[in-house]
Amino acid sequence: MLKRTHTCGQPRLANAGTTIALNGWVNTYRDQGRGLLFVDIRDRDGLCQVVFDLEHGNPDLVQKARALRREDVIGVRGTLRQRSGEPNHKLATGEVELAAEELEIFNKAENPPILPDDHDAEKINEEIRLKYRYIDLRRPRMQHILRTRSKVTKLARDYFAANGFAEVETPLLIKSTPEGARDFIVPARLHQGMWYALPQSPQLFKQILMVAGFDSYIQICKCLRDEDPRADRQAEFSQIDLEMSFVEREDVMTMMGGFAHAVWHDILGYDIGEIAQMTWQEAMDRFGIDRPDLRNPLEIREITDIVAGSEFQVFQQAIEKTRAGRAGCVKAIRVPGGAEKLTRKMTDGYTEFVKQFKTGGVAVAKFTAAGFETGIAKHLDPFKDALVARLALQAGDSVLIVADHWDTATKALGELRLKVGRDLGLVNESEWRFLWVIDFPMFDWDEDGQRWVAMHHPFTSPNPDQFHLLESEPGKCLSAGYDLVVNGSEIAGGSIRIHRMDVQEKVFKLIGLTKEDADAKFGFLLSALRHGAPPHGGIAFGLDRLLMHLVGTDNIRDVIAFPKTQSGGDLMIDAPGPIDEQQILDCGMKVTLIEKKS
RNA sequence: GGGGUGGUAGCUCAAUUGGUUAGAGUUCCGGCUUGUCACGCCGGUGGUUGCGGGUUCGAGUCCCGUCCGCCUCGCCA
């Protein structure tokens, strides 16, 4: 085999005059006639121009090279020389070329269905790219992304190892849990009729590792949740998972903040500085979302108290609503200069937009020196002075108003704020705005189930000063959870855990888990808590989403080597697929599909 | 489970109101071409219009069903 002496991105003018060899794929070829042929050879780190000509090579060599086609795999040996033509400044190797003296064709390639060309890739149907993922991954962009991913995981191992963390693997075949996402399940052949579940996270195992005295644990692991994917969500995803003993909230946040700092510094050369903190309540009030994008200057203000006396039916009806113990509300966004910037077509679109969040629409009014104009102006005029003060209105602004249940209005305006910000170009895309969101509520009231559900997960501890609310007013009890948010995206989330059994039992009871159920599902955890559990807490960093930010993509499939589609399929290996009858029988089962109702 | 959108040559797209033999660029194949680098010039191959049914003298186009991709709501402790 003709082995390489360099990779294709390496040759420089300083190497000119030496004999080198390259291995790689034929990226393109440019045949200039019988005596001269250019071939760009590509490997993981770049392109280098190879020249076949009659001055350096013999006629047989040139003839052999003329048969080369895109994606053939070759080895070339020859003399590196300065280009006699113009240098190509688009290539790192653009000043030199390899004058070929020897060519080995390792493998002729069939005419490729797609080419590994970043220029084309944006246009190519993703379905085709996923089917031929081995060609798509040859693209420089994809090589860069997956190598960045590798750098990040190495950085994580180095950073946490330096801080005394031990990497411990937790099992993939575990037991189904009642709370949370739908589990992927696996039949247990040796226990016929019984099932394993694949882990949604190593949560309970890492807590038990704390009880087991490991003190500080890290794992870069796969997590599996059988729920519908999104652009930034896959059923199978990776996280950097850690847990620490003898710590309080700030200790975990400091440790993880340090990691985020290291990642942005080492990968992007960017100093993220001190990470700000904000309570969940403030985030919801000002931004309508628990992961605010602070690059967007628009803010939400509640005006329920101001318009409480309004005769406007929409306001009245909203205020009279109650749900989950919260009164309905009227909230507004001031859009600076909106009177001119927001067209009728846009504001009509906004009403359609918010309907998907189950609210009726958006009321719009312009504000001028003379007062409110258009839309619901006449309903706002009676409250003009108070509204001007509350919203800091200036002539030329617009106000967007939603009146509904508290959670509906908050969600609708939170999403609308993002959309208006994008539409008007208010977001500085080159900025990084990090934020810790803290003081989450322990529980959400589930209207359908008429019970409390854990907002984070049921092992999250209340904040130290909140224990007394656990039984008296669970709805007001704040947790010791924390989310790390960057540019409106949650990239890490965790909490201080409950380390005392009596507290854990109270929480289970609150979320409607009977003692028997709790013992059956989590008996091992309760037992562990009785046998010397240290105060502990942890956090998990979403590796895929982290990479999306670092490489600048809004498609999670771009940062996963072999991702799945929205229907959970792998188009390359054509999974999922059927299994042999015998495989089913081995598990003591037979399969009967329930017919879909039409 | 709901909403939206798309599927035509290997790839990216076009095709008027339902009307001739479904076109173009590119890949590929052949020829030409000694300084190109998204090389260039000439010629050629290439089609179950996702699949199944229906309406019609006639369907890529209209209707019904179905499969697949993407976006999204629900969901994601």
Side-chain angles (χ1 to χ4, degrees), chain A residues 27-40 47-55 62 66-67 69-71 83-91 93-94 97 99 109-115 117-132 135-136 177-183 200-201 203-204 223-235 237 352-358 411-412 415 440 442-444 446 448 452-460 479 481 490 493 495 507 511 513 542 554-555 557 564-569 571 574 596-598:
Chain A
N27 194 64
T28 50
Y29 58 93
R30 295 176 293 280
D31 188 347
Q32 303 297 312
R34 291 189 184 284
L36 180 65
L37 170 68
F38 298 103
V39 172
D40 290 343
L47 282 181
C48 184
Q49 174 165 286
V50 179
V51 191
F52 294 88
D53 65 22
L54 289 175
E55 291 160 31
V62 176
R66 291 189 88 201
R69 291 296 178 267
R70 290 180 163 206
E71 300 311 307
R83 292 191 179 197
S84 52
E86 285 292 303
N88 183 349
H89 298 294
K90 283 186 264 181
L91 295 181
T93 61
E97 62 189 10
E110 268 184 32
N111 183 20
I114 59 173
L115 291 168
D117 186 333
D118 287 333
H119 187 263
D120 294 338
E122 299 304 313
K123 291 190 297 183
I124 293 179
N125 195 334
E126 199 178 356
E127 209 171 341
I128 308 287
R129 286 176 44 203
L130 291 176
K131 181 173 177 185
Y132 300 100
I135 300 177
D136 193 47
T177 50
E179 298 272 324
R182 187 180 294 113
D183 286 319
Q200 299 176 23
S201 90
Q203 180 61 36
L204 297 176
C223 300
L224 300 115
R225 296 175 189 175
D226 190 6
E227 299 290 349
D228 291 7
R230 287 286 187 282
D232 62 350
R233 213 166 77 193
Q234 287 257 306
F237 63 99
E352 285 310 303
F353 176 75
V354 296
K355 280 182 182 170
Q356 63 180 312
F357 308 109
K358 310 291 180 247
K411 167 90 174 163
E415 296 290 342
F440 287 81
M442 281 286 287
F443 306 103
D444 255 343
D446 172 20
D448 297 336
W452 294 105
V453 293
M455 192 167 205
H456 187 49
H457 57 54
F459 316 108
T460 300
S479 82
E490 181 201 325
S495 62
V507 170
I511 61 173
L513 207 58
D554 51 12
N555 177 354
R557 294 176 298 278
K564 291 183 174 56
T565 67
Q566 285 221 338
S567 60
L571 298 179
D574 195 22
K596 258 199 269 182
K597 289 172 202 161
S598 52

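First the proteins, then the strands, lettered A, B, ... as listed; each starts at 1.
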Salt bridge (Lys or Arg N to Asp or Glu O under 4.0 Å) involving A/Arg233 - partner list, sequence neighbours excluded:
none

Roughly how many Å apart are B/U45 and B/A24, using the P atom of each and rounding to a whole number?
11 Å

Euclidean distance, atom CG of residue A/Leu54 to atom C1' of B/G35 [Å, nearest integer]:
14 Å

Paired with B/C75: which nucleotide, if any, by Watson-Crick or G-U wobble criteria at under 3.5 Å for both distances?
none

Which residues satisfy the salt bridge (Lys or Arg N to Asp or Glu O under 4.0 Å) test with A/Asp53, sequence neighbours excluded?
A/Arg81

Check whether any side-chain N or O of A/Tyr29 sits under 4.0 Å from OP1 or OP2 of B/A38, and answer yes or no.
no

Would you measure the distance from the P atom in B/U26 across to the matching atom in B/C41 and give it in whole Å?
8 Å

Nearest whole angstrom, please: distance from the P of B/C11 to the NZ of A/Lys123.
14 Å

Could you measure between the two P atoms, the one in B/U56 and the one in B/G44, and give it in whole Å?
42 Å

Quote, to the nearest angstrom, the C1' distance that separates B/A59 from B/C42.
38 Å

B/U61 versus B/U55 - spacing of their C1' atoms, nearest Å:
14 Å

In chain order, what residues pass the salt bridge (Lys or Arg N to Asp or Glu O under 4.0 Å) check against A/Asp118, with sequence neighbours excluded?
A/Arg139

Base, sugar-phosphate alone, or nothing: which one does A/Pro113 contact when heavy atoms must sit under 4.0 Å apart?
sugar-phosphate

Taking atom types as they are modelled, would you say the side chain of A/Arg69 forms a donor-acceptor pair with the base of B/C29 within the 3.5 Å cutoff?
no

Residues that A/Phe459 engages under ring-ring contact (aromatic ring centres under 6.0 Å, His included), provided they are two or more places apart
A/His457, A/Phe522

Report the residues that fulfil salt bridge (Lys or Arg N to Asp or Glu O under 4.0 Å) with A/Lys131, sequence neighbours left out, ordered by chain and then residue number.
none

Whole-angstrom distance between B/U12 and B/G50, as gauged at atom P:
14 Å

Atom pairs under 3.5 Å: protein N/O with N/O of nucleotides 69-71 of chain B:
residue, atom, partner, partner atom, Å
B/G69, OP1, A/Thr565, OG1, 2.6
B/G69, OP1, A/Ser567, OG, 2.8
B/G69, OP2, A/Ser567, OG, 2.8
B/G69, O4', A/Glu127, OE1, 3.2
B/C70, OP2, A/Gln566, N, 2.8
B/C70, O3', A/Arg557, NH2, 3.1
B/C71, OP1, A/Arg557, NH2, 3.1
B/C71, OP2, A/Gln566, NE2, 2.7

